[in-house]
Amino acid sequence: MSTSIFDVLKERGYIAQCTNEDEVRKMLANEKVTFYIGFDPTADSLHVGHFLGLMVMAHMQRAGHRPICLVGGGTGTVGDPSGRTDMRKMLTDEDIEYNCNRFKEQMARFIDFSDDKALIVNNGDWLRKLNYIELLRDVGPHFTVNRMLTAECYKNRMEKGLTFLEFNYMIMQSYDFLELHRRYNLKLEMGGDDQWSNIIGGVELTRRKTGDAVYGLTFTLLTKSDGKKMGKTAGGALWLDKEKTPVYDFYQYWRNVDDADVEKCLALLTFLPMEEVHRLGSLQDAAINEAKKVLAYEVTKLVHGQEEADKAQAAAEAVFGGSGSNENMPTIQLTAENEGQKLLDILVGAQVFESKGEGRRLIKQNGLSLNDAKLADPDYVLTDGDFTDGEAIVRKGKKKFYRLVK
RNA sequence: GGGUAGGUGCCCGAGUGGUUAAAGGGAACGGACUGUAAAUCCGUCGCCGUAGGCUACGAUGGUUCGAAUCCAUCCCUGCCCA
């Protein structure tokens with residue numbers, strides 16, 4: 001470990017802020033470091049934002065360090081106010097436990113947990129046992145409210161109202177750091193850049209309580225060149241669970257990123273060597289599609305495995321390249337019930353449209369095709385003639401394709 | 001607890017008795033253009049539908065021919081005072 005993983009992370013553009021760059025670089029070069037990233041179980045799947053953190057973890061683990069995935073079974077009950085203008089809805093204990101388990105399954109795809117090379121812990125294990133008075137006396141004196149109030153993460157909420165419940169989030173997260181330091185000699189907390197305030201809190205608390213040198217490091221948030229959050233789709237977040245975001249859609253998301261974001265995404269979301277990343281990123285005009293294909297394939301492969309990535313790629317080729325089979329296209333299986341139904345109703349039933357009105361509108365606007373021919377009649381009923389080898393292709397808009405199978 | 005300002009469609013935000021399914025902006029969606037990109041332009045953007053109807057402006061009741069707009073009660077939030 002003579003070269004520091006720090007420089008790798010830096011070169012790939014992960015690093016946003018660090019409590020002490022020189023010392024962290026040195027530490028990561030010279031010793032095996034145990035570090036953690038926290039994930040709050042606010043949904044039943046991880047999404048691309050989390051994926052970025054997992055990439056960081058994977059890089060670190062490959063460099064010989066030991067990741068701890070902290071799932072927030074305790075903090076998740078409170079809700080992190082960072083950067084939010086509204087309060088998170090309260091989750092039940094059952095929700096949180098369920099979500100924690102989903103997280104674990106997904107994480108195992110990226111991180112090697114064998115032989116304790118990485119750990120998953122749940123902060124509910126210690127946070128839930130805390131005694132209020134003891135906690136207050138233990139950590140309370142190390143935080144000043146004045147200081148906390150100036151934290152960037154509360155800024156939005158200072159205008160809209162910050163509850164005491166959420167105000168305590170920082171304390172809990174800080175306590176996690178201290179606890180992990182005590183249990184595992186953990187020395188570094190990482191997180192998205194929006195976690196900076198919370199991470200600082202943990203670093204300072206641990207230093208004050210133990211006198212040990214510990215550090216914090218944040219990574220870039222995945223944003224588009226226009227500053228908006230990346231990974232937003234019409235249906236919300238881009239999930240890592242294929243039940244929530246079909247693999248094909250996942251692939252297409254990356255296939256369609258803005259030109260300006262391709263290089264950054266390749267660096268952050270794949271393990272391709274940086275020379276290759278630069279080469280692909282420097283492609284111009286239509287040629288950059290090549291880079292997008294690589295990006296989509298690589299990211300999909302990491303998240304869903306090679307087999308799924310191949311399928312998604314094949315489906316995309318079939319649709320846009322005009323070759324290959326349709327069998328991996330998003331498919332709608334028709335049933336006897338669909339017999340005689342309007343195509344529109346079938347598509348609404350398959351959630352291609354959210355409502356009939358939306359479908360009608362789309363048809364009126366020339367946005368729906370059946371087997372490559374514009375469909376003008378909203379009341380159209382499928383006939384046998386529409387099917388070739390038992391399947392018909394419906395296109396919604398420019399690039400959403402669905403295969404109807406009898 | 002007292003005073004005060006608020007709670008409007010996915011988000012921001014106008015609207016203070018009818019012509020308001022509700023201005024404007026953003027997001028989103030469709031079309032044109034293109035490279036399965038961006039930018040731009042045009043269009044759409046509650047639900048069902050031929051007309052027309054239904055549901056909606058924190059909640060519940062009320063006044064009225066008619067309410068997002070007025071009244072009452074309640075819930076929630078900001079700010080000031082205690």
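Below, chains carry the letters A, B, ... as their sequence lines are ordered, and counting in each starts from 1. Because the structure is a prediction, the values reported are computed rather than measured.
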Let me see the working for A:Phe103 and A:His50 under ring-ring contact (aromatic ring centres under 6.0 Å, His included), right down to the final yes or no. CA-CA 10 Å; A:Phe103 278 23; A:His50 299 121; 5.7 Å; yes

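- For the OP1/OP2 pair of B:G46 and a distance below 4.0 Å, the side-chain nitrogens and oxygens of A:Ser355 include no atom meeting the criterion.
- The residue among A:Ala287 and A:Glu358 whose nearest nucleotide of RNA chain B lies closer to the 5′ end is A:Ala287.
- Distance A:Leu283 CG to B:A37 P: 17 Å, rounded to the nearest Å.
- Comparing A:Lys364 and A:Gln252 by the nucleotide of RNA chain B that holds the closest heavy atom to each, the one mapping nearer the 5' end is A:Gln252.
- Pairing of B:C33, defined by two Watson-Crick or G-U wobble distances under 3.5 Å, is not identified with any nucleotide.
- Nucleic acid contact class of A:Val257 (heavy atoms, under 4.0 Å, all strands): sugar-phosphate only.
- The same atom, P, is picked in B:G35 and in B:C42; the two are 23 Å apart, to the nearest Å.
- Across the protein-nucleic acid pair, A:Asn289 atom CG and B:G35 atom C1' stand 5 Å apart, rounded to whole Å.
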For the pair A:Asp40 and A:Tyr169, evaluate side-chain hydrogen bond (donor to acceptor under 3.5 Å, both in side chains) and give the outcome as yes or no after the intermediate values. CA-CA 11 Å; A:Asp40 271 355; A:Tyr169 187 90; 2.5 Å; yes

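- B:U50 atom P lies 11 Å from atom CG of A:Leu344, rounded to whole Å.
- Among pairs with a residue in residues 126-137 of chain A, those fulfilling salt bridge (Lys or Arg N to Asp or Glu O under 4.0 Å) read A:Asp93-A:Arg128, at least two apart in sequence or across chains.
- Side-chain atoms of A:Arg12 come within 3.5 Å of backbone N or O of A:Ala267 as a donor-acceptor pair.
- When the shell of 6.0 Å around CD of A:Gln333 is examined, it contains more than 12 heavy atoms from other residues, nucleotides or ligands.
- Here B:A38 sits opposite no nucleotide as a Watson-Crick or G-U wobble pair (both hydrogen-bonding atom distances under 3.5 Å).
- With both ends at atom C1', the span from B:A56 to B:G7 equals 15 Å, rounded to whole Å.
- Going from atom CG of A:Leu165 over to atom P of B:U77 covers 13 Å, rounded to whole Å.
- B:G18 and B:C71 have their P atoms separated by 15 Å, given to the nearest Å.
- Rounded to whole Å, the separation between the P atoms of B:C70 and B:G15 comes to 13 Å.
- Using the Watson-Crick or G-U wobble rule with both distances under 3.5 Å, B:A27 pairs with nothing in any strand shown.
- Annotation for A:Lys374: atom NZ counts as buried by contact number, over 12 foreign heavy atoms lying within 6.0 Å.
- Between the CG atom of A:Leu162 and the P atom of B:C79 there is a distance of 10 Å, given to the nearest Å.
- Nucleotide B:A5 forms a Watson-Crick or G-U wobble pair with B:U77, both donor-acceptor distances falling under 3.5 Å.
- As judged by a 4.0 angstrom heavy-atom cut-off over every strand, A:Lys292 is placed among the base-contacting residues.
- A:Tyr154 and A:Phe167 have tilted rings, their planes meeting at an angle from 30° to 60° on a 0 to 90° scale.
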Distances under 3.5 Å only, N/O to N/O: pair up the protein atoms with those of nucleotides 30-32 of chain B.
from, atom 1, to, atom 2, distance (Å)
B:G30, O2', A:Gln365, O, 2.8

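- Remark: the separation of the P atoms in B:A68 and B:C57 is 8 Å, to the nearest Å.
- In this structure, A:Tyr253 atom OH and B:A28 atom P are separated by 10 Å, rounded to whole Å.
- Residue-environment remark: CG (A:Asp379) exceeds the threshold of 12 foreign heavy atoms within 6.0 Å.
- Across the protein-nucleic acid pair, A:Lys342 atom NZ and B:C48 atom C1' stand 11 Å apart, rounded to whole Å.
- B:U40 and B:U34 have their C1' atoms separated by 11 Å, given to the nearest Å.
- Counting heavy-atom neighbours within 6.0 Å of A:Glu204 CD, excluding the residue itself, gives a total above 12.
- One interatomic measurement links the two molecules: CG of A:Asp379 to P of B:C48, which rounds to 13 Å at whole-angstrom precision.
- Across all strands shown, nothing is found opposite B:U69 as a Watson-Crick or G-U wobble partner with both distances under 3.5 Å.
- B:A67 and B:A72 have their C1' atoms separated by 15 Å, given to the nearest Å.
- B:G53 and B:A21 are spaced 11 Å apart, taking the P atom of each and rounding to whole Å.
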